[in-house]
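Data block below; observations after.
A, B, ... follow the sequence lines: proteins, then strands. Residue 1 opens every chain. Everything quoted here is computed from the prediction, not taken from an experiment.
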Protein chains: 2
Amino acid sequence: MRIHLKNIVLFQNVDEETIKKIEHFTTEHKVSKENIVFYEGDEPKYLYLLVKGVIKLYKTSSNHKEVVLKYFHDNELIGEVANFEGMPYPATAKAYSDVEVLKIDFEKLKDVIFSNPNLAFNIQTSLVKKIKNLENIISTNLVLDSKERVAKYIYNHADDFFETKNIEIAEILGVSPETLSRILKFFKDHDIINVKKKYIDRDALIQYF
Amino acid sequence: MRIHLKNIVLFQNVDEETIKKIEHFTTEHKVSKENIVFYEGDEPKYLYLLVKGVIKLYKTSSNHKEVVLKYFHDNELIGEVANFEGMPYPATAKAYSDVEVLKIDFEKLKDVIFSNPNLAFNIQTSLVKKIKNLENIISTNLVLDSKERVAKYIYNHADDFFETKNIEIAEILGVSPETLSRILKFFKDHDIINVKKKYIDRDALIQYF
DNA sequence: TATAATTACTGATTTATATCAACACGATGG
DNA sequence: CCATCGTGTTGATATAAATCAGTAATTATA
């Protein structure tokens, strides 16, 4: 295996011997952009650990509307719930860029977790992070309206906002590109953002959410 | 203390000695209906374990709209994320009925978790349950429209649907009572539910979500 | 450089759902 | 027994955002 587990956050402070054991039932995979990692409804067998790239997790509703639940980045665990609960994956995971993942045999990992407090602690931390993220999605999507969501997004992504395509931002925020365009126009008209000068008035933005 | 921790799901399979230790920094509280357990923004110090009753967790948006994130029932843990992450509570918890809670000093509990695999495992299970619930909220609220949400609710609550007030169901589903009334009328008109006969055509309902 | 493809903008229309308003019905309490 | 309160129903209207449609601007490609 090319990737060494000990360099991965999830396995920090876990002893060499345990790591070696885990490496025995872990495989490394490359998934190229736009390919599916797993489908909604698939039976889980592996825990996925995203090493590199971005994975998009989404659901398709009955009327074929795609709702993005989350974009996963480096070092994030994917599919714990399905694995822990022995239920089919509730959403589809697709490579949003070229991606490197580790597939860990979950049944075997479970035993190791149980006998290794450090690993258990790391998994716990990862679960808590995920809860935090989900709670954030809920409060962002259910509590804020579109303009507030956009304001919050720009505020939190001031560094790369001008380098991100609007259609991507629209997808992330779950609004239509047209709506986003109109909201951005509003912020431009109010001198809160300036695309040419790459200027963002964060103090003004914060008023909007 | 009146309540014995060993009778609580979270402490199942945890040895007597550990339980006794935990009892030393756990206190028991009664909160009567409509009173606040903690406010959004409060600094967390205790982990709450709901022993009896229902606690409503909600956020109030900038335009004073209340969004219910979750109703907690018996044996559920409240506030793990805030405690684990050392961040202020992201939402307000209010007693929805008369309620009994345990307040557990989190800093002290943390040490115990670390040295007790069974407890760690139980906490992990509780975290996974919470993730599952949050994912469910997201898919219900973001992917389904109102009619689909109502159909899903009736399908999943066939046993107590006719005993629950519509205004409560509306709040749980995050739709207005008027909208719920109109949707129920639709299902009645299509002979999918019948209030007098307390009849629910679950097979027909499932088509709607 | 010219052409095609993608992305962004803008106006008009549609849609789902909330809100407002009026009213009906049953339960509760003086 | 009537008045009041909580709940449910129904219609009319308002609102946020999606969709549709056309065009402009930008980026990629031949």
Side-chain angles (χ1 to χ4, degrees), chain A residues 33-34 58-68 96-97 140-154 157 160-190 192-196 198 208-209, chain B residues 33-34 58-68 96-97 140-154 157 160-190 192-196 198 208-209:
Chain A
K33 198 175 167 172
E34 296 297 314
Y58 64 94
K59 280 185 88 92
T60 28
S61 66
S62 43
N63 47 50
H64 305 286
K65 224 179 90 181
E66 188 179 274
V67 176
V68 177
Y96 193 68
S97 65
T140 302
N141 286 282
L142 265 52
V143 181
L144 305 182
D145 65 21
S146 292
K147 193 190 277 177
E148 293 168 332
R149 284 219 291 285
V150 173
K152 186 176 175 183
Y153 179 89
I154 302 174
H157 297 80
D160 61 357
F161 170 70
F162 294 112
E163 278 68 50
T164 314
K165 278 187 272 185
N166 286 180
I167 43 167
E168 277 180 36
I169 298 174
E171 187 180 277
I172 292 168
L173 294 177
V175 300
S176 69
E178 295 96 327
T179 298
L180 176 62
S181 174
R182 288 183 246 266
I183 292 170
L184 292 180
K185 183 176 161 55
F186 172 89
F187 288 134
K188 287 170 198 164
D189 290 349
H190 287 72
I192 291 167
I193 60 170
N194 186 313
V195 180
K196 278 185 189 161
K198 301 205 176 204
Y208 284 93
F209 65 97
Chain B
K33 198 176 168 172
E34 296 297 312
Y58 63 94
K59 283 187 86 95
T60 27
S61 67
S62 42
N63 47 49
H64 305 287
K65 223 180 92 182
E66 187 180 276
V67 177
V68 177
Y96 193 68
S97 64
T140 301
N141 285 282
L142 265 52
V143 181
L144 304 184
D145 67 20
S146 292
K147 194 191 276 179
E148 294 167 333
R149 284 218 291 286
V150 173
K152 186 176 175 182
Y153 178 90
I154 301 174
H157 296 80
D160 62 356
F161 170 70
F162 293 113
E163 278 68 51
T164 315
K165 277 187 270 184
N166 286 179
I167 43 167
E168 278 180 37
I169 297 174
E171 188 180 276
I172 292 168
L173 294 177
V175 300
S176 69
E178 294 95 328
T179 298
L180 176 61
S181 174
R182 288 184 246 264
I183 292 170
L184 291 180
K185 183 178 161 54
F186 173 89
F187 287 136
K188 286 171 201 163
D189 290 350
H190 287 72
I192 290 166
I193 61 171
N194 187 313
V195 180
K196 277 186 192 161
K198 304 208 175 201
Y208 284 92
F209 64 97

Just compare [options] and give me whichever is closest to any side-chain atom of [X].
X: R182(B); options: dA18(C), dT19(D), dG11(D); result: dG11(D)
X: D145(B); options: dT17(C), dT10(C), dC9(C); result: dT17(C)
X: K165(A); options: dT10(C), dC20(C), dA8(C); result: dA8(C)
X: V175(A); options: dG8(D), dT7(C), dA18(D); result: dA18(D)
X: N166(A); options: dA8(C), dG11(C), dT7(D); result: dA8(C)
X: E178(A); options: dC20(D), dT19(C), dG8(D); result: dC20(D)

Test your reading of the model: is there a side-chain donor-acceptor pair from [X] to the backbone of [Y], 3.5 Å cut-off?
X: S181(B); Y: P177(B); value: no
X: E148(A); Y: D145(A); value: yes
X: T164(B); Y: D160(B); value: yes

Of I167(B) and L180(A), the one whose closest nucleotide on DNA chain D sits nearer the 5' end is I167(B)
Start at the 5' end of DNA chain D and walk down; is the nucleotide closest to L184(B) or to G174(A) reached first? L184(B)
Taking atom [atom2] of [N] as reference, at what distance in whole Å does atom [atom1] of [X] sit?
X: E171(B); N: dT7(D); atom1: CD; atom2: P; value: 11 Å
X: I193(A); N: dA8(C); atom1: CD1; atom2: P; value: 13 Å
X: D189(A); N: dC9(C); atom1: CG; atom2: P; value: 11 Å
X: E168(B); N: dG8(D); atom1: CD; atom2: P; value: 9 Å
X: N141(A); N: dA17(D); atom1: CG; atom2: P; value: 12 Å
X: I183(B); N: dT15(C); atom1: CD1; atom2: P; value: 17 Å
X: E148(B); N: dT15(C); atom1: CD; atom2: C1'; value: 14 Å
X: L142(B); N: dA17(D); atom1: CG; atom2: P; value: 13 Å

Whether T179(A) contacts dA17(D) is assessed here as follows: a side-chain N or O lying under 4.0 Å from the phosphate OP1 or OP2. Is that the case? no
Aromatic contact, H157(A) with Y153(A) (centres under 6.0 Å): yes
Establish, yes or no, whether the cationic atom of K147(B) lies under 6.0 Å from the six-membered ring centre of F186(B) and within 45° of the ring axis. yes
Which part of the nucleic acid, if any, lies within contact of S146(A), taking any heavy atom under 4.0 Å across all strands shown: a base, the sugar-phosphate backbone alone, or nothing? sugar-phosphate
Select base, sugar-phosphate, or nothing to describe what K147(A) touches, counting heavy atoms under 4.0 Å on all strands. nothing
